[in-house]
Amino acid sequence: MSKIKACIFDLDGVIVDTAKYHYLAWRRLADKLGFEFTEEQNERLKGVSRMKSLEILLEIGNKNFTEEEKLKLAEKKNNWYIEYISKMKEDEILPGAKEFLEIVRASGIKTALGSVSKNSMTILNNLKLIKYFDAVIDGNKVSKAKPDPEVFLLGAREVNIEPKNCVVFEDARAGIEAAINAGMYSIGIGDAKILNKANFVIKSLKQMTIEKLNLL
Ligand code: BG6
Ligand code: MG
């Protein structure tokens with residue numbers, strides 16, 4: 001019998017291919033502010049809240065702004081991001097995501113979304129993904145960004161499963177750290193070098209099976 005009674009999924013870069021749009025929008029802002037922003041530097045922003053991401057970006061560009069100006073910059077980035085995601089089609093749901101969610105639910109394991117994005121509901125609604133989740137925790141429900149475990153602990157609480165029986169699926173280093181801080185298992189989606197603290201790493205949910213959950 002598997003220890004795993006709930007699967008908690010990050011959204012951007014795990015269920016949908018939106019991590020690239022966050023990067024494009026931040027890079028557009030960096031460009032406007034007159035500095036370069038590489039994909040490697042972008043790893044630091046994954047799983048991090050909008051305002052914290054902006055702080056990191058401005059630190060990279062060595063720029064200073066007032067709190068009021070920062071709010072305007074974050075809004076500008078978000079407007080560009082919304083422009084990108086509004087054109088998203090169902091083919092931008094990542095390989096194997098829907099199929100694995102279906103298998104998990106059919107096995108009686110709970111599912112929760114654990115994302116710090118305030119745009120989560122827009123994406124889930126546009127791509128008709130809400131029905132796959134027993135609970136949705138997004139950036140409107142939590143105040144602390146990953147690696148703080150708040151988002152995952154709340155997910156576990158909403159599906160009524162103890163953290164030690166939960167596994168988190170994450171594409172961000174900060175997200176894997178948040179899972180560890182929550183006392184949960186973690187499976188990295190993406191680059192094994194970046195996600196080396198996870199229990200194991202796969203390329204996409206297409207490679208995931210219930211048998212692999214039993215190995216945890
Ligand atoms: C996370 C992304 O899912 O959401 C981050 O990995 C992003 O890159 C964060 O900054 C907040 O997203 P939003 O949509 O609220 O700006
Ligand atoms: Mg992510």
Side-chain angles (χ1 to χ4, degrees), residues 7-30 37-60 70-88 92-97 112-127 129 133 136-152 154-155 167-179 182 184 186-191 194-195 197-198 201-205:
C7 290
I8 308 183
F9 298 85
D10 172 49
L11 178 66
D12 298 314
V14 170
I15 302 290
V16 283
D17 200 9
T18 41
K20 64 180 185 211
Y21 294 132
H22 279 296
Y23 172 55
L24 283 181
W26 286 124
R27 198 179 63 183
R28 193 162 159 187
L29 186 66
F37 177 54
T38 66
E39 247 178 291
E40 197 186 333
Q41 290 166 330
N42 184 59
E43 284 303 320
R44 288 178 63 195
L45 273 57
K46 286 189 181 170
V48 174
S49 70
R50 195 180 306 164
M51 290 314 288
K52 182 82 178 83
S53 296
L54 178 68
E55 297 288 348
I56 299 171
L57 187 83
L58 295 179
E59 182 200 301
I60 290 167
K70 281 186 208 164
L71 285 175
K72 289 219 177 88
L73 292 174
E75 193 188 336
K76 200 187 268 292
K77 180 266 173 180
N78 194 48
N79 288 340
W80 286 328
Y81 178 68
I82 289 173
E83 186 187 308
Y84 299 143
I85 61 169
S86 65
K87 295 181 197 130
M88 251 171 68
E92 284 177 86
I93 297 172
L94 285 163
L113 187 93
S115 167
V116 297
S117 170
K118 293 189 167 145
N119 292 299
S120 297
M121 284 306 278
T122 308
I123 295 170
L124 293 182
N125 277 324
N126 285 356
L127 299 179
L129 290 170
F133 297 97
V136 173
I137 314 298
D138 68 7
N140 300 299
K141 289 193 181 169
V142 295
S143 56
K144 298 181 197 121
K146 299 166 188 175
D148 190 284
E150 185 186 20
V151 62
F152 296 142
L154 198 55
V167 59
V168 166
F169 292 85
E170 259 293 348
D171 70 318
R173 203 181 164 84
I176 298 293
E177 284 166 7
M184 298 177 181
S186 61
I187 297 176
I189 309 282
D191 188 336
I194 296 170
L195 307 172
K197 290 186 185 162
V201 179
I202 50 177
K203 286 263 168 286
S204 76
L205 286 173

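First listed ligand is number 1; within each ligand, the first listed atom is number 1.
Nearest protein neighbour of atom 16 (O) of ligand 1, counting heavy atoms only, is R50 NE, 2.7 Å. Among protein heavy atoms, the minimum distance from atom 8 (O) of ligand 1 is reached at L45 O, 3.5 Å.
With ligand atoms numbered from 1 in the order given, ligand 1 contributes 3 (O) to contacts under 4.0 Å with heavy atoms of S115. Near S53, the atoms of ligand 1 lying under 4.0 angstrom from a non-hydrogen atom of the residue are 10 (O). Taking every non-hydrogen atom of N119 and a distance limit under 4.0 Å, the qualifying atoms of ligand 1 come out as 13 (P), 14 (O). With ligand atoms numbered from 1 in the order given, ligand 1 contributes 6 (O) to contacts under 4.0 Å with heavy atoms of K46. With ligand atoms numbered from 1 in the order given, ligand 1 contributes 1 (C), 2 (C), 3 (O), 4 (O) to contacts under 4.0 Å with heavy atoms of D12.
For the Mg ion (ligand 2), protein N/O/S neighbours under 2.8 Å (waters excluded) are D10 OD2, D12 O, D171 OD1.
For the residue pair R50 / Y81, no side-chain donor-acceptor distance below 3.5 Å is found, with atom types taken as modelled.
For S117, a nitrogen or oxygen atom sits less than 3.5 Å from a nitrogen or oxygen atom of ligand 1, counting backbone and side chain alike. The N/O atoms of W26, backbone and side chain alike, include none that comes under 3.5 Å of an N/O atom in ligand 1.
Checked against the 6.0 Å centroid threshold, F169 and F9 count as a close aromatic pair.
Residue contacts with ligand 1 for K118 involve both N, CA, C or O and side-chain atoms from C-beta outward (heavy atoms, distance under 4.0 Å).
At most 12 heavy atoms of other shown residues, nucleotides or ligands fall within 6.0 angstrom of atom CD in E75.
Residue V48 holds the heavy atom nearest to atom 9 (C) of ligand 1 of all those in D171, L54, V48, D10.
Residue-ligand proximity: L11 is placed with every non-hydrogen atom at 4.0 Å or more from ligand 1. Contact analysis puts G47 in contact with ligand 1, with a non-hydrogen atom separation below 4.0 angstrom. The closest approach between any non-hydrogen atom of G139 and ligand 1 is not below 4.0 Å.
The pair E43-R173 does not count as a salt bridge, with every side-chain nitrogen at least 4.0 angstrom from each carboxylate oxygen.
Between the SG atom in C7 and the CD1 atom in I187 there is a gap of 7.0 Å [rounded to 0.5 Å]. Summarising the geometry, atom CG belonging to L73 is positioned 5.5 Å from atom CG belonging to L29; distances are rounded to the nearest 0.5 Å. Going from atom NZ of K87 over to atom CD of E92 covers 11.0 Å, rounded to the nearest 0.5 Å.
S143 is linked by a side chain to side chain contact (heavy atoms under 4.5 Å, CB included) to E150, counting only residues two or more places apart in sequence or in another chain. For K52, the side chain to side chain contact (heavy atoms under 4.5 Å, CB included) partners are V48, S49, I56, not counting sequence neighbours. Under the side chain to side chain contact (heavy atoms under 4.5 Å, CB included) criterion, S117 pairs with D12, S115, N119, S120, not counting sequence neighbours.
No donor-acceptor pair closer than 3.5 Å links the side chain of R27 to the backbone N or O of F37. With T18 contributing its side chain and Y21 its backbone, the two residues share no donor-acceptor pair below 3.5 Å.
In summary, of the residues considered (L124, L129, I8, I137), a side chain to side chain contact (heavy atoms under 4.5 Å, CB included) with L113 occurs for L124 alone.
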